[in-house]
Amino acid sequence: VDKLIKIITEIKDVIFKYIGTYSILILCTFVITFIGFNILKIPYTLLLSLTCMILDILPVVGMILIFLPLVIIYFFSGKYITVIFLVVLFSVIIITRNILEPKLLSSSLELSPLSVLIAIFVGLNIAGFKGMIYLMALFISFNFYKKYASSNKVFVSKENDISVKN
């Protein structure tokens, strides 16, 4: 029973760490877009930055929903320098996230950075955002299994008889 309570507590900790890590990433997106939009003198900077922050939860299409219309509007207005800097700003955000996300998630979830990268890219390609979450959960579950199955007491079940093996 103590082991079960410990596992449940660790699962709750992992969930809170996961949410905290993504909150940090989303906050970084907000700060970068807010500073970038202010430098470019884009109107409604705060509103657009908050919208980018919220849409950043959607990994692939999120911020494109803000940046693409801005690029199109400024392109047809003839403000090509702003268009170039909007593309650069978007690239900086994507690169920053691609660098920070695996490092922060791996350290907070106690997974290797390679496992996190695999979970992110394979999960996104197979089933989108849900696939990424499921694959990350699978990797975390495997970590729990390795951690608790390697203890010196393993429960063995034989024909409805549960015993403790040392």
Which donor-acceptor pairs under 3.5 Å do side chains of residues 61-88 form with protein atoms, sequence neighbours excluded?
unit_1	atom_1	unit_2	atom_2	d
S77	OG	I73	O	2.4

Hydrophobic cluster identity match, F37 and I54, side-chain contacts under 4.5 Å:
no
Kindly say whether I42 contributes a backbone atom to a donor-acceptor pair with the side chain of T45 at under 3.5 angstrom?
yes
same_hphob_cluster(M136, Y134) at 4.5 Å side-chain heavy-atom cutoff:
no
Membership question, hydrophobic clusters at under 4.5 Å side-chain separation (ILVMFWY): are F16 and L104 in the same one?
no
Quick check for you: to the nearest 0.5 Å, what is the distance between D13 atom CG and K6 atom NZ?
11.5 Å
Please report the interatomic distance OG(S49) to CG(N38), rounded to the nearest 0.5 Å.
7.0 Å
Nearest 0.5 Å, what's the CD1-CG distance between I126 and L135?
7.0 Å
Nearest-0.5 Å distance, OG1 of residue T33 to CG of residue L46:
9.5 Å
Please tabulate, for side-chain N and O atoms in residues 21-30, each donor-acceptor pair with protein atoms closer than 3.5 Å (sequence neighbours left out).
unit_1	atom_1	unit_2	atom_2	d
T21	OG1	K17	O	2.8
T21	OG1	S108	OG	2.8
Y22	OH	E101	OE2	2.3
S23	OG	I19	O	2.8
T29	OG1	L25	O	3.2
T29	OG1	D56	OD2	2.6

